[in-house]
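First listed ligand is number 1; within each ligand, the first listed atom is number 1.
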Amino acid sequence: MDLQRITDDIVAKVAPIVGQYPPADYIPGLKAIDPSQFGIAVATVNGEVYGAGNWTTPFSIQSISKVFTLALVLAADGEDLWRRVFREPSGNAFNSLLQLEHEAGIPRNPFINAGALVITDRLHTLTGNASSTVRDLLRAESGSTVDPDPNIAASEAAHGHRNAALAHLLSSYGNLDNPVETVLHEYIQHCALTMNCRDLAVSARFLASNGRDANGHMVLSASHAKRVNALMLTCGLYDAAGEFAYRVGLPAKSGVGGGILAIVPGKCAISVWSPGLGKSGNSVAGVAALDEFTNRTGWSIF
Ligand code: GLU
C-alpha cells in the first residue's frame with residue numbers, strides 16, 4: 001500500500017472543495033482562520049508516518065481533545081465512570097441543554113459538551129490539573145511541543161455562555177465535584193490545544209494498536225481502547241455520526257476547528273484538517289478525504 005501516494009492523491013482530490021465552506025463562527029478566534037487549508041497525516045501501527053498538504057500546520061484540536069480526556073479517565077476509573085455519563089448518541093446538538101435537564105444531569109455521552117465537562121471535572125479531581133494532564137499525554141505521545149492557543153482560549157471564554165449554562169446545570173444535579181469556573185477553565189484550555197495533523201495522528205496511534213503506542217508503552221488496556229473506538233464510532237461526529245459511519249465506516253472524532261481524527265483498528269490513526277465546516281459542524285473536506293481514504297485502501301471496519 002503506497003500511503004504517501006494515497007495522501008498526495010487525496011490532497012488533489014479534495015482541492016475543489018477546500019475553501020468553499022465557512023469555519024466555525026461562534027468562537028471568534030476560529031472564524032479568523034484561513035479556510036483554504038487542508039492537511040492529512042497517517043500514522044501506522046508499525047511506526048511509519050505519511051502526510052500531505054498542510055499536515056504540519058498547527059490547528060485548534062477543540063473537541064478532538066475529548067478522546068484523550070476520556071482515555072485518561074477510563075484508564076483510571078474503568079466502569080465506574082458510567083455512573084456519571086451515558087454511552088448513547090444524543091440526537092441533539094453537541095451543546096444542547098434540553099436533554100440534560102430531561103435526563104436529570106446525566107449527559108448522553110462523553111463527547112457532547114455536557115459529557116465532556118463531566119469527564120474534565122473527573123480528570124481534574126484525579127490529577128489536580130485536567131488540561132495539563134491531557135497536554136502532557138499529547139506531548140509524550142507526539143514527541144512535540146503541544147500548548148493551548150491563548151487567543152482561542154480567551155475567545156471561547158468570552159463567548160462560552162452555553163457551556164457555562166451546561167456546567168451550572170450539571171452542578172445543580174450534583175454531577176460536578178469541582179467549581180463550575182474551574183471545570184470551564186480546564187475544558188476551554190484542553191479544547192484550545194494546538195497540534196498539527198502529524199502530531200495528532202501519532203498521538204492517537206495507541207487507539208489503533210490495542211492501547212499500546214509505537215514505543216510499546218500501554219496507554220490504555222486493549223479492552224478500554226476498544227471501548228473508546230466504539231464511542232467514537234457511535235458519538236464522534238455530532239449529529240452526523242450515522243452518516244459518517246455509512247460513508248466512511250471508521251471510529252472518528254471531529255472538532256469545530258476543522259480537524260477529524262479517525263482510527264483504523266490494527267492499521268493506523270489518520271488525522272485530517274480543513275477549517276470549512278458543513279451544517280453538522282464537521283469539516284467538509286475532512287469527511288471527503290476520509291471517504292476517499294477508505295475507498296482507496298479498503299480499510300474500514302465494515
Ligand atoms: N470548545 C468547543 C465548544 O465547547 C468545542 C466544540 C467542538 O469542537 O465540538 O464549543
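The contact set between ligand 1 and Asn163, taken as ligand atoms under 4.0 Å from a residue heavy atom, comprises 3 (C), 4 (O), 10 (O). Of all atoms in ligand 1, numbered sequentially from 1 with element shown, those under 4.0 Å from a heavy atom of Phe94 are 6 (C), 9 (O), 10 (O). For ligand 1, the atoms lying closer than 4.0 Å to a non-hydrogen atom of Tyr238 are 7 (C), 8 (O), 9 (O). Within the listing of ligand 1, atoms 1 (N) sit less than 4.0 angstrom from a heavy atom of Cys191. Of all the atoms in ligand 1, the ones that sit under 4.0 Å from a non-hydrogen atom of Gly255 are 8 (O).
Heavy atoms from both the backbone and the side chain of Val256 come within less than 4.0 Å of ligand 1. Residue Arg162 does not touch ligand 1, judged by heavy-atom distances below 4.0 Å.
Closest to atom 7 (C) of ligand 1, if we only count protein heavy atoms, is Ser63 OG, 2.5 Å. Residue, atom and distance of the protein heavy atom nearest to atom 2 (C) of ligand 1 are Gln62 OE1, 3.0 Å. Looking at atom 10 (O) of ligand 1, its nearest protein heavy atom turns out to be Tyr26 OH, 2.5 Å. Tyr187 OH, 2.6 Å is the protein heavy atom nearest to atom 4 (O) of ligand 1.
Looking at Asn113 next to ligand 1, an N or O pair under 3.5 Å apart turns up. Taking distance alone, with nitrogen or oxygen atoms compared against 3.5 Å, Ser254 stays at or beyond that limit from ligand 1.
Heavy atoms of Asn95 stay at 4.0 angstrom or farther from ligand 1.
Between the side chains of Asp121 and Tyr187, no donor-acceptor pair of N or O atoms lies under 3.5 Å. Side-chain contact check for Thr69 and Lys66: no donor-acceptor pair (N or O, by modelled atom type) lies under 3.5 Å.
Relative ring orientation between Phe94 and Tyr238 is described as tilted, the plane-to-plane angle lying within the 30° to 60° band.
Here the CZ atom belonging to Arg135 is positioned 6.5 Å from the CG atom belonging to Asp147, to the nearest 0.5 angstrom. The structure places NZ of Lys253 at 6.5 Å from CG of Leu237, a figure rounded to the nearest 0.5 Å.
Counting only distance, with no hydrogens or angles, the side chain of Ser280 and the backbone of Ala240 share no donor-acceptor pair below 3.5 Å.
A salt bridge does not link Glu141 with Arg205: every distance from a Lys NZ or Arg NE/NH1/NH2 to an Asp or Glu carboxylate oxygen is 4.0 Å or more. Ion pairing between a basic and an acidic side chain is recognised when a charged N comes within 4.0 Å of a carboxylate O; Arg84 and Asp77 show no such pairing.
With a 4.5 Å cut-off on side-chain heavy atoms, Lys31 and Ile27 do not count as touching.
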